S.K.: 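This structure is in structure tokens; I'll ask about it shortly.
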Amino acid sequence: RRLAAYVSRLPGAESAGAVMVLHDITDLRRLERLRQDFVANVSHELKTPLAVIQSNIEALQDGAAEDPQARGPFLERVKHEADRLDALIQDLLRLAKIESGEQPFELGRVPLDAAIAECLERQATRAEAKSMALIEVPPKNAPKGVAAFADEDAMEAILDNLVDNAIKYTPSGGKITVRWTATDRHVQIEVEDTGIGISEADLSRVFERFYRADRARNRAAGGTGLGLAIVKHLVQSLHGQVTVASQLGKGTTFKVTLPRAA
Ligand code: ADP
């Protein structure tokens with residue numbers, strides 16, 4: 001504001017140059033606020049499991065360790081929260097690496113059919129546990145060997161994150177469909193679920209780090225809150241796009257578009 005007052009007194013203050021200076025300041029402020037939010041979020045997300053670990057260890061030290069019946073659940077909770085911390089730190093490092101451009105990508109042909117089938121195989125046990133159907137739908141008369149021009153590990157992480165979420169946020173008995181299509185230059189993968197959906201207000205924010213549509217419940221669901229941020233950054237690094245459409249109570253569809261390999 002001080003700068004704005006100063007600029008407004010300059011001769012020709014209404015010139016485009018003066019306007020641009022103000023825009024830069026606004027962007028800087030926004031970036032600074034995002035950075036502060038991020039640091040606050042990281043601290044909170046790291047401290048929460050740590051506090052649970054500490055209190056459970058204290059309980060063990062106060063005598064629970066001597067009681068064979070009580071010991072088990074305390075140790076279980078310590079293990080669970082330690083695993084959570086581990087997942088969180090791994091995701092944070094992964095995100096930092098992708099963002100800084102340090103993540104090496106090996107770009108090449110990644111055949112869609114195989115990539116999707118392998119992902120669904122990895123997730124089959126979890127889907128079965130919730131009596132869910134996991135279906136791959138190739139386009140009608142799909143040409144053989146259609147491939148994305150991408151990195152195999154990145155593709156695996158993108159698909160795993162989206163299908164993992166679809167299973168997590170869909171009640172038992174639901175259905176997850178992974179469709180794909182191709183044009184001359186692009187391939188598109190859709191992950192559709194029949195789950196709880198995302199409200200319109202939350203929709204534009206789900207790709208933000210640590211944003212959860214239902215904070216308490218979705219944190220309890222076990223994710224790190226970083227999955228979709230990782231997906232977005234990976235897709236962007238591969239020169240693609242990811243979008244989401246959803247209807248509360250009906251289901252959600254994520255669409256990933258990537259360059260097609262020759
Ligand atoms: P989390 O670890 O919490 O799952 P993500 O970054 O993967 O973090 O997702 C962010 C939030 O987006 C989730 O907490 C959830 O509220 C919402 N979300 C993601 N995928 C789905 C889905 N398929 N259906 C409904 N909500 C979803």
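We count ligands from 1, going down the list as the structure has it; atoms in each ligand are counted the same way. Note that the structure is a prediction, hence the values are computed from the model and not measured.
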S.K.: Are any of the heavy atoms in G195 under 4.0 Å away from ligand 1?
M.R.: no

S.K.: If you round to the nearest 0.5 Å, how far is CG of L226 from CG of N161?
M.R.: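 Answer for the CG-CG pair, N161 versus L226, is 9.5 Å.
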
S.K.: Does a salt bridge link E208 with K232, judged by any charged N lying under 4.0 Å from a carboxylate O?
M.R.: no

S.K.: Below 4.0 angstrom, N of the basic side chain to O of the carboxylate: do D184 and R260 qualify?
M.R.: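 Judged by the 4.0 Å cut-off on N to carboxylate O distance, D184 and R260 do not form a salt bridge.
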
S.K.: May I ask you to test the V244-F207 pair for a side-chain heavy-atom distance under 4.5 Å?
M.R.: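 They are in contact (side-chain heavy atoms under 4.5 Å apart), so the answer is yes.
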
S.K.: Any side-chain heavy-atom pair from R179 and E192 closer than 4.5 angstrom?
M.R.: yes

S.K.: Where does T170 meet ligand 1, judged by heavy-atom distances below 4.0 Å: at the side chain, the backbone, both, or neither?
M.R.: neither

S.K.: Out of L228, T253, T252, who is nearest to atom 6 (O) of ligand 1 when you count heavy atoms only?
M.R.: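 It is L228 that holds the nearest heavy atom.
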
S.K.: Could you tell me whether D164 and R126 make a salt bridge, using a distance below 4.0 angstrom between a side-chain N and a carboxylate O?
M.R.: yes

S.K.: Does any non-hydrogen side-chain atom of R84 lie less than 4.5 Å from one of E81?
M.R.: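 E81 vs R84: side chains touch.
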
S.K.: Which ligand 1 atoms are under 4.0 Å away from a heavy-atom of G197?
M.R.: 25 (C)

S.K.: Can you list the atoms of ligand 1 that are under 4.0 Å from a heavy atom of G225?
M.R.: 1 (P), 2 (O), 3 (O), 6 (O), 8 (O)

S.K.: Counting only heavy atoms, which portion of Y211 has something under 4.0 Å from ligand 1: side chain, backbone, both, or neither?
M.R.: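 Only the backbone of Y211 comes within reach of ligand 1.
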
S.K.: So for ligand 1, is A213 a polar contact partner (N or O within less than 3.5 Å, distance only)?
M.R.: yes

S.K.: Just to check, does K168 reach to within less than 4.0 Å of ligand 1 when the distance is taken from its heavy atoms?
M.R.: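 Within the 4.0 Å threshold, so yes.
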
S.K.: Using distance alone, determine whether G227 and ligand 1 share an N or O pair under 3.5 Å.
M.R.: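 Such a contact does occur with ligand 1.
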
